[in-house]
Asker: 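What follows is a single structure, and I will ask about it in a moment.
From a predicted model like this one, the values you see are computed outputs, not experimental measurements. We're numbering straight along the sequence, starting at 1.
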Amino acid sequence: MSDQEYKDWLNSAEKELKDRGIEDLNWQTPEGIEVKPLYTVDDIKNLNHKIGFPGIPPFTRGPRATMYANRPWTIRQYAGFSTAEESNKFYKEGLKNGVMGLSVAFDLATHRGYDSDHPRVVADVGNAGVAIDSVEDMNTLFNGIPLEKMSVSMTMNGAVIPVLACFVASGLNQGCPEEKLTGTIQNDILKEFMVRNTFIFPPKPSMRIVADIIEYTSKKLPRFNSISISGYHMQEAGANQVQELAYTLADGKEYVDAALKRGLDIDDFAPRLSFFWSIGMNFFMEIAKMRAARFMWSEIIKKYKPKNNKSLALRTHCQTSGVSLVEQDAYNNIVRTTIEAMAAVMGGTQSLHTNSFDEALALPTPFSARIARNTQLIIAEETGISNVIDPLAGSYYLESLTSDMIREANNLIKEIDDAGGMVKAIEMGIPKMRIEESSAKKQARIDSDEETIVGVNKYKPTEKQNINILSIDNDQVRAKQISNLNKLKKSRNNKIVEDFLKKIEQAANDESQNLLEVCIQAAKNKCTVGEMTTAMENVFGRHTLSTKTISGVYSKTAKKNEKITSINTYIDKFVEAKGRRPRMLVVKMGQDGHDRGAKLIATAFSDLGFDVDVGPLFQTPAEAAIQAIENDVHVIGVSTLAAGHKTLVPLLIKSLKENDASEIKVICGGVIPPQDYDFLHELGVSKVFGPGTNIQEAAIDIINLI
């Protein structure tokens, strides 16, 4: 296109816009990147990256030369629920129907290093993942699934040492030597301190654990990925794609430095590092993010002077977004997941999990899981996409967008480097604050109808949906786990167990010892996950987190409208009648650390005129009730994502009654099946708000309530 042709087109386009009352064709992404309506060859003349070839540094076009033309991506199914027996049946069914690798979801009790009989996990056992208390549970989980042949990915960070130890011990019990175990352990503790919060120990000993795992696996488990550096949970917590990209790579740098300080050579471990991205609905941005990540990681590792080109290659697993799934008009989620899966494939992922459409309501059913799995099979086998390597390479728009993302992400990485690295930046709260700001802005745009969510704030359904959901009997699962634990403790040699627990404490005190090595032997001798965790906790302590929230971001982003005007009027009338503003306590009970929803509510309601207190993570119902009474609140807002509401909310209401505080209203929000609403209302819950709730409308409901 010549300069004159471009001017002619621009004049024509501007005239069309003026005729329609639109001032500007350009669009600015949430990341602040200016997107033009038309891209030409001029836009790829001065890129911040090299396009190159697949399989050759800097790997922008993929880590392998032939990519899917030789072998499609691995179809994984992230799953785990109830007991090891139930999850084992689900895995075997998936393997019969096209799943190529397993991806294990553990329950929150396991994530936080508690055995199923611990009093703080009454609502968490088997609910949002499978309960694993010992090597015996791990043996059951993989019964009939040969670990010598099966790639296993495990999402585990807090209790990573005892869980990985149980996995290795289970493989040895099958007769599979360590060097033949294949898979990935997430082992990404830094992002836990930023967003997901399933940490156990403070940052310093947690980083020591990361290095111990990298060291041990590089020597003894050569086919096993020692860490999956995860941006997924950042985007789920509200990070935009540039933040996800930058902070994930910055985490990766920190882990590399920790391994090098251990005396490892870069080529000893870098080829076994992997990454994990969330794939949301901004189609081209997600593809550009993955291509930018490969280029940037290659440039980052190049500075360490590796001799093996594989050390420069970023390999990744992807999962379609959970936060893009909504309760309203839930079948639309099938379309969303398909679009996101296409973006992951176009971006060059090595493996992929597709979420089920009903996960905004509850755990997926076999029916919904089959649709999610078949989404990948259809893309792989019916579209022809896998026949061409990196089919969008050279696109004027995509290459320009990739270049813009590299520039913006490098700016954020520089901010982290200037703070002294990611550990220091996390201690200062920099990435957490940035992500919470991004989350609040996005919610304000949705609530103000600036960002469309089909079926939620536009094109709302008129008919009622009726969706079958999977429900876990948490009490039954916990009772079975406790029974198994009691049998284990009676049958094992408890003198040997005590000796190994002392050895773990000694290793925790001595950085020259490798904790994973000691824990594998402890797991073989039937020490439990909780016992091994407690032995380390005796030395390291258990980490706690500040409940500080941001302010002013939601109100600055939300457009002034009738709802906000009404809220201001309601608040003024409330103050006039009661002598103070309405006061709310936002709580997360149980071991669910996903606090995006709680932080959003706290931030937005505060900006809308409420007085808001935020309870610490991992409260018991009794602790939440006492805090509400002491703070003299009008309402408690319970945020729940991990299916613990049927256990925790009754205990909260019981505790309020026992303390003569039944006048305090209780509301619930989060992933709660509609079938459970009546149960909660009968208990005394005043309101239930599902995913996709408009916060401004909820604020009006709550003021009227109190």
Asker: Is there a side-chain contact between L141 and V104 (heavy atoms, below 4.5 Å)?
Answerer: yes
Asker: Of all residues at least two apart in sequence or in a different chain, which pass the ring-ring contact (aromatic ring centres under 6.0 Å, His included) check with F201?
Answerer: F540
Asker: Which pairs with one or both residues in residues 119-131 pass side-chain hydrogen bond (donor to acceptor under 3.5 Å, both in side chains), sequence neighbours excluded?
Answerer: R120-E623
Asker: With A169, which residues qualify under side chain to side chain contact (heavy atoms under 4.5 Å, CB included), at least two apart?
Answerer: V135, A523, K524
Asker: For A246 and L412, work out which heavy atoms get closest and say how close.
Answerer: CB-CB, 3.6 Å
Asker: Could you tell me whether K489 atom NZ has more than 12 heavy atoms of other residues or ligands within 6.0 Å of it?
Answerer: yes
Asker: Suppose we screen for side chain to side chain contact (heavy atoms under 4.5 Å, CB included). Which residues come up paired with T83, at least two apart in sequence or across chains?
Answerer: E85, E86, V477, K480, Q481
Asker: Among side-chain atoms of Q235 and E286, is any donor-acceptor pair under 3.5 angstrom?
Answerer: yes
Asker: Are more than 12 heavy atoms, taken from residues, nucleotides or ligands other than Q476, located less than 6.0 Å from that residue's CD atom?
Answerer: no
Asker: Taking the side chain as everything from C-beta on, heavy atoms only, tell me whether S321 gets closer than 4.5 Å to N355.
Answerer: no
Asker: So, using ring-ring contact (aromatic ring centres under 6.0 Å, His included) as the criterion, who are the partners of F357 when residues are at least two apart?
Answerer: Y331
Asker: Would a distance-only check, ignoring hydrogens and angles, find a side-chain to backbone donor-acceptor pair under 3.5 Å from S655 to L651?
Answerer: no
Asker: So, T198 and N157: side-chain donor and acceptor under 3.5 Å apart, yes or no?
Answerer: no
Asker: Hey, could you give me the CG/CD distance between D613 and Q627, rounded to the nearest 0.5 Å?
Answerer: 6.5 Å
Asker: Quick one: side chain to side chain contact (heavy atoms under 4.5 Å, CB included) partners of R596, sequence neighbours excluded?
Answerer: V323, S439, K442, L600
Asker: Less than 4.5 Å apart, any side-chain heavy atom of L190 and any of V423?
Answerer: yes
Asker: Is there a donor-acceptor pair under 3.5 Å between the side chain of S438 and the backbone N or O of G238?
Answerer: yes
Asker: Within a strict 4.5 Å, meaning less than it, do heavy atoms of the S226 and L273 side chains meet?
Answerer: yes
Asker: With no hydrogens and no angle check, is any side-chain donor or acceptor of T140 less than 3.5 Å from a backbone partner on E136?
Answerer: yes
Asker: Looking at R478 and S116, would you say the former's side chain and the latter's main chain have a donor-acceptor pair under 3.5 Å?
Answerer: yes
Asker: Can you name the salt bridge (charged side-chain N to carboxylate O under 4.0 Å, His left out) partners of E340, sequence neighbours left out?
Answerer: none
Asker: Using distance alone, with no hydrogens and no angle criterion, decide if S151 and R76 have a side-chain donor and acceptor under 3.5 Å apart.
Answerer: yes
Asker: Once rounded to the nearest 0.5 Å, what's the spacing between atom CG of L617 and atom CE of M589?
Answerer: 12.5 Å
Asker: Tell me the salt bridge (charged side-chain N to carboxylate O under 4.0 Å, His left out) pairs involving residues 240-255, sequence neighbours left out?
Answerer: E244-K289, K253-D417
Asker: Hey, is the main chain of G126 close enough, under 3.5 Å, to the side chain of D107 for a donor-acceptor pair?
Answerer: yes
Asker: Donor-acceptor check, side chain of D212 to backbone of N514, threshold 3.5 angstrom: yes or no?
Answerer: no
Asker: What residues form a ring-ring contact (aromatic ring centres under 6.0 Å, His included) with F199, not counting sequence neighbours?
Answerer: F193, H543
Asker: Got a second to check how far S639's OG is from H594's NE2, nearest 0.5 Å?
Answerer: 11.0 Å
Asker: Does K441, at its NZ atom, have more than 12 non-hydrogen atoms belonging to other residues, nucleotides or ligands within less than 6.0 Å?
Answerer: no
Asker: What's the separation between atom CG in L501 and atom SG in C519, rounded to the nearest 0.5 Å?
Answerer: 9.0 Å
Asker: With sequence neighbours left out, write down each residue that passes side chain to side chain contact (heavy atoms under 4.5 Å, CB included) with T316, or none if nothing qualifies.
Answerer: F275, W277, M290, L314, C318, T349, Q350
Asker: Contact between V326 and R336 at the side-chain level, heavy atoms closer than 4.5 Å - yes or no?
Answerer: yes
Asker: Taking D115 for the side chain and D117 for the main chain, is one N or O donor matched with an acceptor at less than 3.5 Å?
Answerer: no
Asker: Just by distance, with hydrogens left out, do R315 and S274 show a side-chain donor and acceptor under 3.5 Å apart?
Answerer: no
Asker: Any side-chain heavy-atom pair from I229 and Y255 closer than 4.5 angstrom?
Answerer: yes
Asker: What residue pairs, at least two apart or across chains, pass salt bridge (charged side-chain N to carboxylate O under 4.0 Å, His left out) with a residue in residues 529-541?
Answerer: R492-E531, E537-R542
Asker: What's the shortest heavy-atom distance between Y554 and A440, and which atoms?
Answerer: CD1-O, 3.8 Å
Asker: Hey, could you give me the CG/CD1 distance between L516 and I214, rounded to the nearest 0.5 Å?
Answerer: 11.5 Å
Asker: I189 and I209: side chain to side chain contact (heavy atoms under 4.5 Å, CB included), yes or no, with the steps?
Answerer: CA-CA 9 Å; I189 201 63; I209 286 170; over 6 Å; no
Asker: Got M234 and Q243 here, is their nearest side-chain heavy-atom distance under 4.5 Å?
Answerer: no
Asker: Let's go through K599 and K432 carefully: what are the C-alpha distance in whole Å and the side-chain angles of both, what is the deciding distance for side chain to side chain contact (heavy atoms under 4.5 Å, CB included) to 0.1 Å, and is it a yes or a no?
Answerer: CA-CA 11 Å; K599 288 290 184 72; K432 195 172 188 69; 3.8 Å; yes
Asker: Do any N or O atoms from the side chain of T365 and from the backbone of S368 form a donor-acceptor pair under 3.5 angstrom?
Answerer: yes
Asker: Hey, does F224 have a side-chain heavy atom less than 4.5 Å from the side chain of L164?
Answerer: yes
Asker: Looking only at heavy atoms, which two atoms of Y91 and S103 are closest? And how far apart?
Answerer: OH-O, 4.4 Å
Asker: For A628 versus I636, what's the shortest heavy-atom pair and its separation?
Answerer: CB-CD1, 3.5 Å
Asker: Relative to the ring of F106, is the ring of H111 parallel (under 30°), tilted (30 to 60°) or perpendicular (over 60°)?
Answerer: perpendicular
Asker: Under 3.5 Å, side chain of T693 to main-chain N/O of G690, donor-acceptor pair present?
Answerer: yes
Asker: Under the salt bridge (charged side-chain N to carboxylate O under 4.0 Å, His left out) rule, what pairs show up with a residue in residues 183-195, not counting sequence neighbours?
Answerer: E192-R196
Asker: Working to the nearest 0.5 angstrom, can you tell me the gap between T337 OG1 and Q319 CD?
Answerer: 9.5 Å
Asker: Test side chain to side chain contact (heavy atoms under 4.5 Å, CB included) on K526 and S134; report intermediate values, then the result.
Answerer: CA-CA 6 Å; K526 302 185 180 179; S134 72; 6.0 Å; no
Asker: Determine, stepwise, if the pair L147 / F167 fulfils side chain to side chain contact (heavy atoms under 4.5 Å, CB included).
Answerer: CA-CA 10 Å; L147 294 177; F167 173 77; 3.9 Å; yes
Asker: Donor-acceptor pair, distance only, cut-off 3.5 Å: does the side chain of N509 make one with the backbone of A507?
Answerer: no
Asker: Which atom names give the shortest non-hydrogen contact between T110 and V130, and what distance separates them?
Answerer: OG1-O, 4.0 Å
